[in-house]
Amino acid sequence: MQKRFIVGLGEALWDCLPEGSKLGGAPANFAYHTHQFGFDAIAISALGNDILGDQTRKELDQAGLNYIMPIVNYPTGTVQVTLDDEGVPTYDIKENVAWDNIPFSDEIEAVAKNARAVCFGSLAQRNSVSHDTIKRFLAATPKDCLKIFDINLRQNFYTKEIIQESIAACDILKINDEELVTIGRLFGYPGLDMENKCWLILGKYNLKMLVLTCGVNGSYVFAPATKSFQETPTVEIADTVGAGDSFTATFCAATLAGKSIKEAHKLAVDVSAYVCTQVGAMPVLPEKFTKLL
C-alpha cells in the first residue's frame, strides 16, 4: 500500500533569535511535530545554495524528517526575531528568498496525490511562484486529504483574495484572536463578537472545524453544533516561537488518530504549552505526549 504523507507546505527559514539562529518556518515545524507522533511527515519548501541551506538539510536529516526542498537561485529565508519581556516575538521577514520560489515538480505532485493531510498558510503565498505551487498541490490531493489553513498573518504579507481562496480550499481553519479581528475588518463583519465571527466563517465556508487560539485566554474549537474550550496552562516561558505550529500539528495528528475534538484539543494545548518552555520551534517532545496517539 502506498505511503500516505502528512505535509507541511510553505516557508522553511531561520529564526534569528537573540541567543542565536534556530531552524523554523511553520510548515517545517508542523511536519516535524506530526513526525514525532509517528506519522509519515514531509516538509516541502525551497532553499538557497548557501550555508543556511546546507544547515537546514543537516538539521532535518538529524531530526529524521523527510523533506523536498529544491535549491533555487535565491537565499535561504531568514527572520529577525525580537522578543518582548513576556517572550512574545515580533518578526522582520526577509523578502525575495528561496521559499518565495518553491517550484511545482513531479516529485511534489506525487506527494500531493498521496497526502493524508496538508498544512499551509498565507505567508508562503505572498509570491506568485509559491502561491501557484500551493494551489496546484491542494488541487492534486485526494478527496479524503485533511487540508488545514493555518492563516499565520505576518506583517503586510497577505491579501483578502488569497485569504478567501485559502479558506474556501481548506477543511480546518486555524486562526488567533488578533487575526480574527483583521479578518473581520477585511471581510466586513463589524459588530460581531468573537464567537459569532467564528460561527459565521465556519458556516459560510462549510468548514469541518475552526480553531481559535487566544494566547493566555485559552483556545476554542468550533465545529457544526460543537464547541470546545480549553484554558491555557500557566508555564514558565522560554519563548513562544513555534508553539502555535506544535498546537496545529498535535491537533491534526490526534484527529487523524481518531481522537474526539475535545481530546485532540486538550493534547494540542498541553503540547504547545510544553513547547513554550523550550527554546526554539523544534524541541523533542516527551514520551508522555507522543505515546497518547
Side-chain angles (χ1 to χ4, degrees), residues 10 26 30 86 88-91 117-123 125-126 134 138 145-234 240 243-256 259-273 276:
F30 170 85
E86 305 294 317
V88 176
T90 54
Y91 304 94
V118 56
C119 183
F120 65 104
S122 62
L123 183 55
Q125 298 187 70
R126 67 181 182 177
I134 289 170
L138 294 173
C145 175
L146 188 67
K147 295 184 279 292
I148 302 161
F149 179 41
D150 188 354
I151 194 166
N152 233 349
L153 300 182
R154 294 281 183 260
Q155 292 169 224
N156 59 342
F157 299 130
Y158 57 87
T159 66
K160 181 181 178 182
E161 291 69 33
I162 282 175
I163 290 168
Q164 286 180 318
E165 178 188 287
S166 299
I167 297 176
C170 79
D171 301 303
I172 299 176
L173 169 63
K174 178 168 174 279
I175 191 166
N176 67 32
D177 48 354
E178 291 176 4
E179 290 164 341
L180 187 63
V181 171
T182 303
I183 294 304
R185 208 165 47 235
L186 268 182
F187 288 10
Y189 303 152
L192 287 180
D193 68 18
M194 205 168 61
E195 286 197 32
N196 281 330
K197 277 191 190 115
C198 291
W199 287 119
L200 179 65
I201 294 167
L202 184 83
K204 183 176 179 182
Y205 289 93
N206 198 25
L207 299 173
K208 287 181 180 171
M209 289 178 238
L210 186 154
V211 179
L212 174 68
T213 58
C214 305
V216 296
N217 297 314
S219 56
Y220 300 80
V221 180
F222 298 90
T226 304
K227 183 180 92 173
S228 171
F229 173 76
Q230 290 284 340
E231 289 186 1
T232 302
T234 303
T240 61
D245 304 324
S246 69
F247 182 111
T248 312
T250 304
F251 188 80
C252 172
T255 299
L256 292 176
K259 298 293 183 185
S260 68
I261 286 175
K262 195 165 187 173
E263 289 168 331
H265 188 187
K266 176 76 167 72
L267 183 57
V269 166
D270 290 344
V271 168
S272 61
C276 286

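Along the sequence shown, residues are numbered consecutively beginning with 1. Just so we're clear, the structure is a prediction, and the values are computed from it rather than from any experiment.
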For Gln155, is the CD atom crowded, meaning more than 12 foreign heavy atoms sit under 6.0 Å from it? yes
side-chain contact (heavy atoms from CB on, under 4.5 Å) partner of Lys197, the single match among Leu212, Leu210, Leu202, Leu180: Leu180
With Thr248, the side-chain contact (heavy atoms from CB on, under 4.5 Å) member among Val211, Ile148, Thr213, Ile172: Ile148
Taking salt bridge (charged side-chain N to carboxylate O under 4.0 Å, His left out) as the definition, give me every residue that meets it alongside Arg154, ordered by chain and number, with sequence neighbours left out. none
Would you say Ser228's side chain and Lys262's backbone share a donor-acceptor pair under 3.5 angstrom? no
Judged by atom type as modelled, is there a donor-acceptor pair below 3.5 Å linking the side chain of Ser260 to the main-chain atoms of Glu263? yes
If you define the side chain from C-beta out and look only at heavy atoms, does anything of [X] sit under 4.5 Å from [Y]?
X: Ser272; Y: Thr250; value: no
X: Phe251; Y: Met209; value: yes
X: Phe247; Y: Val271; value: no
X: Leu138; Y: Lys147; value: yes
X: Cys214; Y: Met194; value: yes

Just do the side-chain contact (heavy atoms from CB on, under 4.5 Å) check on Ile151 and Ile183 with the steps written out, would you? CA-CA 10 Å; Ile151 194 166; Ile183 294 304; 3.6 Å; yes
Can you measure from [atom1] ([X]) to [atom2] ([Y]) and round to the nearest 0.5 angstrom?
X: Asn176; Y: Thr182; atom1: CG; atom2: OG1; answer: 8.5 Å
X: Asn152; Y: Glu179; atom1: CG; atom2: CD; answer: 6.0 Å
X: Leu186; Y: Glu161; atom1: CG; atom2: CD; answer: 9.0 Å
X: Cys198; Y: Lys227; atom1: SG; atom2: NZ; answer: 10.0 Å
X: Lys259; Y: Lys266; atom1: NZ; atom2: NZ; answer: 13.0 Å
X: Ser122; Y: Ile162; atom1: OG; atom2: CD1; answer: 8.5 Å

Stepwise side-chain contact (heavy atoms from CB on, under 4.5 Å) test for Tyr189 and Leu200: CA-CA 9 Å; Tyr189 303 152; Leu200 179 65; 3.6 Å; yes
Which heavy atom in [X] sits nearest to a heavy atom in [Y], and how many Å separate them?
X: Thr232; Y: Gly215; result: OG1-O, 2.6 Å
X: Ser219; Y: His265; result: OG-NE2, 2.8 Å
X: Gly121; Y: Phe149; result: C-CE1, 3.4 Å
X: Ala117; Y: Cys252; result: CB-SG, 3.8 Å
X: Phe229; Y: Glu231; result: CE2-CG, 3.6 Å
X: Ile167; Y: Leu207; result: O-CD2, 3.7 Å

Please state whether the rings of Tyr220 and Phe222 are parallel, tilted or perpendicular, taking 30° and 60° as the class boundaries. parallel
Among residues at least two apart in sequence or on other chains, which ones pass side chain to side chain donor-acceptor pair (under 3.5 Å) with Asn196? Asp193
